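Report on the structure given below.
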Amino acid sequence: MQISKATASNWQRLNTDSTERLTKRANKTRSAKKVVATRYLNCDAANRLLSLVADLEAPVEDIIFTLCADCLQQAGIAQRANVGRFLSQQPYRKLPIILPPGIWQTHDDLLGFVYQSLITEGERNATGQYYTQKKVVDDMLAGLTIQPHDTLFDPCCGSGAFLMRVPTEHPEQLYGMDINPMAVLIATTNLLTKYADRDFMPHIYCQDFLAHGLFDDDTSNFPRKFTYIYTNPPWGADKAGRYKNDFPEITSKEKASMFIVEALRHLQPSGTLCFLLPSSLLKIKVHADVRRHILRHAVIEHLEAYNDRFDGVFTDFFSIRLTPSPMLRPVVDTETPFMTLSDMDQQIIEQMEQQRHDDLRHSRWALGIVTGNNKALLKSEPSADTEPIFTGKQVDAFRLKPAASHIVFQPATFQQCAKEEFYRAPEKLIYRFIAKYPVVAYDDRQQLCLNSANILIPQVDGLSVRSVAALLNSSLYRFYYQTRFSDLKVLKGNLQALPFPLLTAQQDQALSHLAQEASAVAAPDVHDRLDRLVYSIFGFGHEMQQYIAHKLT
């Protein structure tokens, strides 16, 4: 998508250069950098609106309030008594901003996009203000049917991403809560404008869902239990210990885990809970507390892993859908469906993640050929019109073993075939599909492969194709892959999740040279030297190297 010069200038002013990422959480909480929320929303209306307000020297709160008021005015509902009271109760100043008519015609969350793009990375990290992408919300809500007496509650509603996309014509069934008054302002505005044909007031409350005694007031009209609870809770530890006495079962102090415990308390016996959570809750040892609580109090209906990321965040995430268990269930550690990592495993993974500069998500990918009739089309002996074709069995680290089959390249006769440009690329990597970890061969001879071997043409900042092969074939990357993923296939999504560091020109040249040497010489010493170089790039000492070697044996 093309953006205007004004937008580009504002984005530069907002300091969105990805090369300046702060990787450590402690640094991020103090970061004054701003990250445009393009992963949350990327459309002309959003970019245009941001360009109109990004240079205003005014508090973010006043800017957002002014936008909300204009949105309600253009929706034709600002004069309603309930909307007027809602606006008059806000402690913010309306700015003399002139916005073009029709800018709010889209039903996308423009307000949430602008708000996320104007606040600092430190504020977003400290308060967990990372709003959920529309496609993830839609995936989590897929198949949901709201009956007349059902209620849906989002206890961390943010700008209303889930509430806005619930399939109902009756907004009275929707309830939301957020600790941030700006989020409540935006979510309320979004629901008012979405249901502009109905004269109502959204059930959105500025409260802390984890606060002790929140639901003790019997005079409140707020339900005690809900049919559905869908949310993306804040991720991170309760460092101040604010909630530790109310959630003694969560020894990790992880707030997202506390939200799960509290949400299960407010779910109807036949209800459904669906949360978006960091992948660390699935595997890391310290989070065994919440896994134990889930297995004891609920039934896991569905787990879904995602390869997307939030703007400014490099944490993978997954969704989990639960229903309450009618009785407490005994938990036997050996039967748990969650993977756990040792402290050393987690330390190694975190150290690699801290140096993440790029990944393989914007690289080029292709599947190997599916002939549909191997017996007729594959030849055991070469001829003038055939060429070698390689299977996964012939893919070795850095090089291809001699081909056992030959084929006439006629794509029209194949059941499945990628564009020829992938097979004929000047440089490419061919990796085994059936394997517990990446095994990658380098190819600069434009050779063919069957569907048990797939193609990767890396596009990683600062790394040559040979250097990517060197990293993928190293012991460190094998450890990372096997520790994080239990698949018996090397999946594109898993490869895209691997972290790649920013190399110096000398490091890239050294890796590339070792990869070239390894493709020509079957000598263990080459792989040992390669491993030592990769370990040094990531700063792993002898103890961690020995630990990794032991885990891989």
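What you are looking at is a predicted structure, and each value in this text was computed from that prediction instead of being measured.
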- Message: One pair to check against side-chain contact (heavy atoms from CB on, under 4.5 Å): Phe65 and Arg93. What are the steps and the verdict?
- Response: CA-CA 7 Å; Phe65 173 68; Arg93 181 171 64 98; over 6 Å; no
- Are Leu282 and Ile320 close enough, and set up right, to give a side-chain contact (heavy atoms from CB on, under 4.5 Å), and what steps lead you there? CA-CA 10 Å; Leu282 281 176; Ile320 186 169; 6.0 Å; no
- Message: With side-chain contact (heavy atoms from CB on, under 4.5 Å) as the criterion, how do Thr272 and Arg321 come out once you've worked through the C-alpha distance, each side chain's angles and the decisive distance to 0.1 Å?
- Response: CA-CA 7 Å; Thr272 299; Arg321 188 168 68 242; 3.5 Å; yes
- Quick one: do Leu99 and Thr66 satisfy side-chain contact (heavy atoms from CB on, under 4.5 Å)? Show the steps, please. CA-CA 10 Å; Leu99 297 175; Thr66 302; over 6 Å; no
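Ala453 pairs by the side-chain contact (heavy atoms from CB on, under 4.5 Å) definition with Val395, Ile430, Cys449, not counting sequence neighbours. Here Ala58 pairs with Ile63, Leu95 under the side-chain contact (heavy atoms from CB on, under 4.5 Å) rule; sequence neighbours left out. Looking at residues two or more places apart in sequence or on another chain, you find a salt bridge (charged side-chain N to carboxylate O under 4.0 Å, His left out) between Glu172 and Arg198. Every residue meeting the side-chain contact (heavy atoms from CB on, under 4.5 Å) condition with Thr251, not counting sequence neighbours, appears here in chain and number order: Asp289. Residues meeting the side-chain contact (heavy atoms from CB on, under 4.5 Å) test with Gln73, sequence neighbours left out: Ala78, Gln79.
Between the side chain of Asp108 and the backbone N or O of Leu110 there is no donor-acceptor pair closer than 3.5 Å. Side chain of Glu254 to main chain of Ile250: no donor-acceptor pair is present (N/O by atom type, distance under 3.5 Å, no hydrogens or angles). Asn451 contributes no side-chain N or O that, together with a main-chain N or O of Gly368, makes up a donor-acceptor pair within less than 3.5 Å. Of the possible donor and acceptor atoms, one in the side chain of Asn47 sits under 3.5 Å from a partner among the backbone N and O of Cys43. A donor-acceptor pair is defined here as one N or O able to donate and one able to accept, closer than 3.5 Å; no such pair exists between the side chain of Glu249 and the backbone of Val290. Side chain of Lys489 to backbone of Arg432: no donor-acceptor contact under 3.5 angstrom is found. Side-chain N or O atoms of Thr188 include none that pairs as donor or acceptor with a backbone N or O of Leu185 at under 3.5 Å. Side-chain atoms of Thr151 come within 3.5 Å of backbone N or O of Thr227 as a donor-acceptor pair. A side-chain donor-acceptor contact under 3.5 Å links Arg291 to the backbone of Leu281. Proximity of a side-chain donor or acceptor of Gln268 to a complementary backbone N or O of Ser270 within less than 3.5 Å is not detected.
Summarising the geometry of Tyr230 relative to Met140, their closest heavy-atom pair is CE2-O, 3.3 Å, with the distance given to 0.1 Å. When every heavy atom of Leu191 is checked against every heavy atom of Phe200, the shortest pair comes out as O-CZ, 3.8 Å. For the pair Gln133 and Arg39, the tightest heavy-atom approach, listed with the atom from each and the gap, is CG-O, 3.4 Å. Across Ser88 and Arg85, no two heavy atoms sit closer than the pair OG-O, 2.9 Å. Taking each heavy atom of Pro248 and Asn245 in turn, the nearest pair found is CD-O, 3.8 Å. The two residues Ala256 and Pro233 make their nearest non-hydrogen contact at CB-CG, 4.0 Å.
In this structure, the side chains of Tyr205 and Val184 stay at 4.5 Å or more apart for every pair of heavy atoms. By the 4.5 Å heavy-atom criterion applied to side chains, Met177 and Phe153 are counted as neighbours. At least one side-chain heavy atom of Ile457 sits under 4.5 Å from a side-chain heavy atom of Phe422. Between Tyr243 and Asp208, the closest side-chain pair of non-hydrogen atoms falls below 4.5 Å. Proximity of Arg484 to Ile349: side-chain heavy atoms (C-beta onward) are separated by under 4.5 Å at one or more points. A heavy-atom distance below 4.5 Å is not found between the side chains of Pro278 and Phe317. A heavy-atom distance below 4.5 Å is found between the side chains of Pro438 and Leu495. By the 4.5 Å heavy-atom criterion applied to side chains, Tyr437 and Val490 are not counted as neighbours.
How far CD1 of Ile229 is from CG of Leu264: 7.5 Å, rounded to the nearest 0.5 Å. The distance from atom OG1 of Thr193 to atom CD of Gln74, rounded to the nearest 0.5 Å, is 11.0 Å. One finds the NE2 atom of His293 at 9.5 Å from the CZ atom of Arg296 (value rounded to the nearest 0.5 Å). With values rounded to the nearest 0.5 angstrom, Leu277 atom CG is found 4.5 Å from Phe318 atom CZ. Taking CG of Asp150 as the reference point, atom OG1 of Thr145 lies at 9.5 Å (rounded to 0.5 Å). Rounding to the nearest 0.5 angstrom, the gap separating the OG atom in Ser452 from the CG atom in Leu367 is 11.5 Å.
At a cut-off of 3.5 Å, with distance as the only test, a side-chain donor of Glu304 or His302 sits close to an acceptor on the other residue. Between the side chains of Asn190 and Tyr195, no donor-acceptor pair is found at a separation under 3.5 Å. Under the 3.5 Å distance criterion, with hydrogens and angles disregarded, no donor-acceptor pair is assigned to the side chains of Gln482 and Tyr477. Inspection of the Asn180 and Tyr115 side chains reveals an N or O donor paired with an N or O acceptor under 3.5 Å. No donor-acceptor contact under 3.5 angstrom links the side chains of Gln459 and Ser363, judged on distance only. Side-chain atoms of Tyr175 and Asp154 form no donor-acceptor pair, as typed in the model, at a separation below 3.5 Å.
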For residues 155-170, please give each side-chain donor-acceptor pair under 3.5 Å, one per line with the distance, not counting sequence neighbours.
| residue | atom | partner | partner atom | Å |
| --- | --- | --- | --- | --- |
| Ser159 | OG | Tyr40 | OH | 3.4 |
| Ser159 | OG | Asp109 | OD2 | 2.4 |
| Arg165 | NE | Asp138 | OD1 | 2.5 |
| Arg165 | NE | Asp138 | OD2 | 3.3 |
| Arg165 | NH2 | Asp138 | OD1 | 3.4 |
| Arg165 | NH2 | Asp138 | OD2 | 3.0 |
| Thr168 | OG1 | His170 | N | 3.0 |
| Thr168 | OG1 | Gln173 | OE1 | 2.7 |

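Arg356 forms no cation-pi arrangement with Phe500, by the criterion of a distance under 6.0 Å to the ring centre and an angle within 45° of the ring axis.
Counted within 6.0 Å of NZ on Lys244, heavy atoms from surrounding residues, nucleotides or ligands total 12 or fewer; the atom is thus considered open.
Residues Phe222 and Phe226 place their aromatic rings such that the two centres sit under 6.0 Å apart.
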